[in-house]
Amino acid sequence: MRTAPWFARVGLAAAASFAVLGGQAAEVEFAAFDKEGKPLPNVIVSAMPTTGAPPASGAKTEVVGQKGWEFTPYVTAVRVGSKVQFPNLDRTTHHVKSFSPAKEFEFFLAADKGASPVIEFDKAGAVVVYCTLHDWMRAYVYIVDTPWFAKAAETGMGKLTDLPNGTYKLTAWHPDLGSFGTPLTQTVTLKDGAAKVKFDFALVPRKPRMPKVLPQA
Ligand SMILES: [Cu+2]
């Protein structure tokens with residue numbers, strides 16, 4: 001539940017919760033909860049310094065496959081400038097489409113051809129990826145303009161590492177907010193250690209259900 005000891009101390013975090021790591025590196029440990037107080041997986045937390053620009057590093061190539069009539073992984077976070085491959089690993093055709101302002105795209109992926117279109121994400125935002133042939137298939141790509149971000153595990157917890165000391169605006173987004181919902185934010189000052197923060201979302205997660213009987217391959 002939400003009353004693990006350090007949550008109660010969040011108000012004192014800036015003053016009291018730093019364990020000295022040495023050097024100038026700090027961390028943010030976060031815990032996300034839904035409206036009912038249950039741990040909320042798939043939340044993306046990112047950190048943007050309140051002054052100055054973050055370093056340019058962090059763009060890379062990720063993979064969002066289609067396998068067993070599902071996108072996998074469900075949620076992917078990347079830095080602006082990153083690429084995502086969309087290989088079809090099923091013996092069926094998928095029609096992959098995004099209407100999101102951060103990146104619109106559309107392609108048919110024929111069955112089992114190993115075809116793997118690559119999309120470059122050049123703008124921050126949340127992209128909802130659909131398959132128009134299988135309406136329960138859904139993936140999310142969340143694009144941030146900072147190298148410091150992480151996805152919450154099944155426990156609702158995650159960690160940002162290697163942040164220089166300083167003050168940051170933290171942004172927490174969940175896929176049910178889609179492209180247009182407003183993420184949660186808070187400001188944290190880091191100094192040589194781990195700060196612990198908590199995000200309480202006013203939602204109960206809804207993931208589209210696969211049908212009990214799948215279409216024939
Ligand atoms: Cu499909």
Side-chain angles (χ1 to χ4, degrees), residues 32 34-36 38-46 58-145 149-156 158 171-183 201-217:
D34 71 11
K35 193 179 171 183
E36 296 171 347
K38 293 184 181 145
L40 187 59
N42 291 315
V43 168
I44 307 294
V45 175
S46 57
K60 44 187 194 171
T61 299
E62 300 285 358
V63 176
V64 177
Q66 302 107 63
K67 190 165 171 52
W69 291 273
E70 280 194 300
F71 288 108
T72 171
Y74 178 53
V75 177
T76 301
V78 294
R79 174 118 203 223
V80 170
S82 293
K83 295 173 179 165
V84 176
Q85 297 180 334
F86 289 88
N88 181 3
L89 308 171
D90 279 333
R91 287 175 299 164
T92 189
T93 298
H94 294 294
H95 179 199
V96 177
K97 191 166 170 77
S98 157
F99 306 94
S100 298
K103 194 72 177 186
E104 292 188 29
F105 55 88
E106 175 174 10
F107 40 81
F108 276 97
L109 287 176
D112 232 2
K113 289 274 178 19
S116 185
V118 177
I119 301 293
E120 184 168 345
F121 290 92
D122 45 15
K123 228 195 276 181
V127 170
V128 189
V129 184
Y130 300 89
C131 173
T132 64
L133 303 177
H134 308 114
D135 64 2
W136 65 90
M137 289 179 65
R138 203 68 44 84
Y140 294 82
V141 180
Y142 188 69
I143 306 111
V144 295
D145 203 7
F149 58 90
K151 179 166 81 171
E154 286 302 309
T155 57
T171 301
W173 169 89
H174 182 271
D176 288 6
L177 297 175
S179 301
F180 301 105
T182 306
F201 281 80
L203 60 84
V204 174
R206 292 173 297 123
K207 196 171 174 179
R209 283 244 187 92
M210 286 181 77
K212 290 213 172 78
V213 180
L214 287 166
Q216 291 299 304

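Whatever order the structure lists them in is the order used to number ligands and atoms, beginning at 1. Index from 1, following the sequence.
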Let me check something: any side-chain donor-acceptor pairs from residues 206-213 under 3.5 Å, sequence neighbours excluded? List them with distances.
none

Identify every side-chain donor-acceptor pair in residues 117-133 under 3.5 Å, counting partners at least two apart or on other chains, and give the distances.
{"unit_1": "K123", "atom_1": "NZ", "unit_2": "P101", "atom_2": "O", "d": "3.4"}
{"unit_1": "T132", "atom_1": "OG1", "unit_2": "H95", "atom_2": "ND1", "d": "2.4"}

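- Partners of A152 according to the side chain to side chain contact (heavy atoms under 4.5 Å, CB included) rule, which considers only residues two or more places apart in sequence or in another chain, are F30, V43.
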Let's go through R79 and D145 carefully: what are the C-alpha distance in whole Å and the side-chain angles of both, what is the deciding distance for salt bridge (charged side-chain N to carboxylate O under 4.0 Å, His left out) to 0.1 Å, and is it a yes or a no? CA-CA 6 Å; R79 174 118 203 223; D145 203 7; 3.4 Å; yes

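- In terms of modelled atom types and a separation under 3.5 Å, the side chain of H94 and the main chain of V96 share no donor-acceptor contact.
- Around the Cu ion (ligand 1), protein N, O or S atoms at less than 2.8 Å comprise H94 ND1, C131 SG, H134 ND1.
- The neighbour count for K97 NZ, taken as heavy atoms of other residues, nucleotides or ligands under 6.0 Å away, is above 12.
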